[in-house]
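Mind looking over this structure? Questions follow.
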Amino acid sequence: MASETVTVEVGGRRLRLSNLDKVLYPAAGFTKGEVIHYYSQVAPAMLPHLAERPLTLRRFPDGVDNAPFYDKDASRHAPEWLRVVRLPTPGSSKAHEEIGYAVIDGLPALVWAANLAGLELHVPQWTVTAQGRPRAPDLLVFDLDPGSGTTVVECARVAEAVREVVAEDGLECYAKTSGSKGLQVYAPVRVDDPAQTSVYAKAVAERLATQRPRDVVSRMAKDARRGKVLVDWSQNNTAKTTVAPYSLRGREQPTVSTPVSWAEVEGCDEPDDLVFTTDEVVDRVRRDGDLFGPLHAVPRADRPQLPVLGR
């Protein structure tokens, strides 16, 4: 039976937490209270990847066996202390339409999000200034999505190929699991034009599809993806988001989008080699620290300049 609402103090903020005994992952018996506990444990590693980035929550108020929904507008239920930035709504029919996005700037804000049954935390590849204005992207991402007949094992081989290609332009990559079926490869970059990351990522995806036509596809069409890995370059669009490092996923088990070493990618021979649940991720962070830490260790001005490609 769901618990009553309790009031706790987190980082100097008073939060009302509700339904802590509610099971959100029925197959694992994993409760909302355990979700909040997990996020509290990984907060030191996770928070730098959320800092200054407008948040989109994927909420599962009735658990992962029921329909979730995306929640971008924090202004409807944000506490007064939560940072909220007003930004244009992607895809809005009216150019002036704005909504208030939460910015997760500390443990209280992360616990607030988890208490909304926000199992999945999604952020863009760009940040906002202190005044709430969008900066140019500081991250490049390749979302490797296995088509039917393939798994994360094939994604691992493609991730290695992505790494080799972008290294030619002086970029250093870092990999993480999607927490679902695939892998994601990121690189810290500096650009002058917000569209530059999409242009570059598309060129890399098309190059790999040409070099490895039996393994890789760069087109989104479902019929083109059978037996291949989609190198999805479109996630670099400034209107899109990707799941944050250390975010839970709304799968049957409480799997996590987990930073992994290149040795782990290279050694992936079975799909289960790159599947991690909450306890495993907490242990990994305690043992290895944040494998994605280097993404934000270099100041923006010192990041590699992304090559400008023709359009």
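Starting from 1, each residue takes its place in the sequence as its number.
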task = Would you check if the distance from the ring center of Phe30 to the ring center of Tyr38 is below 6.0 Å?
result =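 No, the ring of Phe30 stays outside the 6.0 Å limit from the ring of Tyr38, centre to centre.
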key: Ionic contact status for Asp232 with Arg219, cut-off 4.0 Å   =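 Between Asp232 and Arg219 there is no salt bridge, as every charged N stays at least 4.0 Å from the carboxylate O atoms.
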request  = Mind listing the closest non-hydrogen atom pair of Val123 and Gln125 along with its distance?
outcome  =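 Distance-wise, the nearest heavy atoms are O-NE2, 3.9 Å.
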inquiry  = Here's one to test your reading of the geometry: is the NZ or CZ of Arg284 within 45 degrees of the ring axis of Phe276 and under 6.0 Å from its centre?
reply    =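 Cation-pi check for Arg284 and Phe276: passes.
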query = If you count the non-hydrogen atoms of other residues, nucleotides and ligands that lie under 6.0 Å from CZ in Arg226, is the total more than 12?
reply =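 Not buried by this count: 12 neighbours or fewer within 6.0 Å.
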ask   = Are side-chain N/O atoms of Thr31 and Lys22 paired as donor and acceptor at under 3.5 Å?
value =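 There is no such pair between these side chains.
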ask   = More than 12 heavy atoms of other residues, nucleotides or ligands under 6.0 Å from CD of Glu252: is that the case?
value =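 No, because the 6.0 Å sphere around CD of Glu252 holds 12 heavy atoms or fewer from other groups.
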request  = Taking atom types as modelled, find out whether Thr258 and Lys176 have a side-chain donor-acceptor pair closer than 3.5 angstrom.
outcome  =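 No pair is found: no donor N or O on one side chain lies under 3.5 Å from an acceptor on the other.
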inquiry  = What I want to find out is whether Arg59 reaches Asp71 closely enough, with some N-O distance under 4.0 Å, to be called a salt bridge.
reply    =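 A salt bridge is present here (some side-chain N lies under 4.0 Å from a carboxylate O).
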request  = Taking all heavy atoms of Glu266 and all of Glu160, pick out the closest pair and write down the distance.
outcome  =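 Scanning both residues completely, I find the closest heavy atoms to be CA-OE2, 3.7 Å.
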ask   = Under 4.5 Å between any side-chain heavy atoms of Asn236 and Leu140, yes or no?
value =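 They are in contact (side-chain heavy atoms under 4.5 Å apart), so the answer is yes.
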request  = Taking atom CD of Glu270 as the centre, report whether more than 12 heavy atoms of other residues, nucleotides or ligands fall under 6.0 Å from it.
outcome  =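 Atom CD in Glu270 is not packed in, count stays at 12 or less.
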request  = Return the orientation label for the Tyr186 and Phe292 ring planes: parallel under 30°, perpendicular over 60°, tilted otherwise.
outcome  =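 Ring orientation of Tyr186 relative to Phe292: perpendicular.
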ask   = When you check the side-chain N and O atoms of Asp138 and His296, is any donor under 3.5 Å from an acceptor?
value =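 No pair is found: no donor N or O on one side chain lies under 3.5 Å from an acceptor on the other.
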ask   = Hey, mind stepping through Glu168 and Arg207 against salt bridge (charged side-chain N to carboxylate O under 4.0 Å, His left out) and telling me if it holds?
value = CA-CA 13 Å; Glu168 296 173 9; Arg207 173 178 168 180; 3.2 Å; yes
task = Answer whether the closest heavy-atom distance between the side chains of Ser257 and Pro245 falls below 4.5 Å.
result =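 No - every pair of side-chain heavy atoms lies 4.5 Å or more apart.
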ask   = Any side-chain donor-acceptor pair under 3.5 Å between Asp73 and Tyr101?
value =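 Asp73 vs Tyr101: no donor-acceptor pair found between side chains.
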message = If you compare all heavy atoms of Ala109 against all heavy atoms of Val103, which two are closest, and at what distance to 0.1 Å?
response =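 Heavy-atom minimum between the residues: CB-O, 4.5 Å.
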query = Is it true that Arg300 and Glu52 have a side-chain N and a carboxylate O under 4.0 angstrom from each other?
reply =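 Salt bridge: yes.
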request  = Measure across Val128 and Trp126 and return the closest heavy-atom pair with its distance rounded to 0.1 Å.
outcome  =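 Smallest interatomic distance, heavy atoms only, reads CG1-CZ3, 3.8 Å.
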key: Flag for Thr7-Arg14: side-chain donor and acceptor within less than 3.5 Å   =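 Per modelled atom types, Arg14 and Thr7 side chains form no pair under 3.5 Å.
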ask   = What distance do Ser178 atom OG and Leu144 atom CG have between them, rounded to the nearest 0.5 Å?
value =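 Nearest 0.5 Å value for the OG-CG distance: 9.5 Å.
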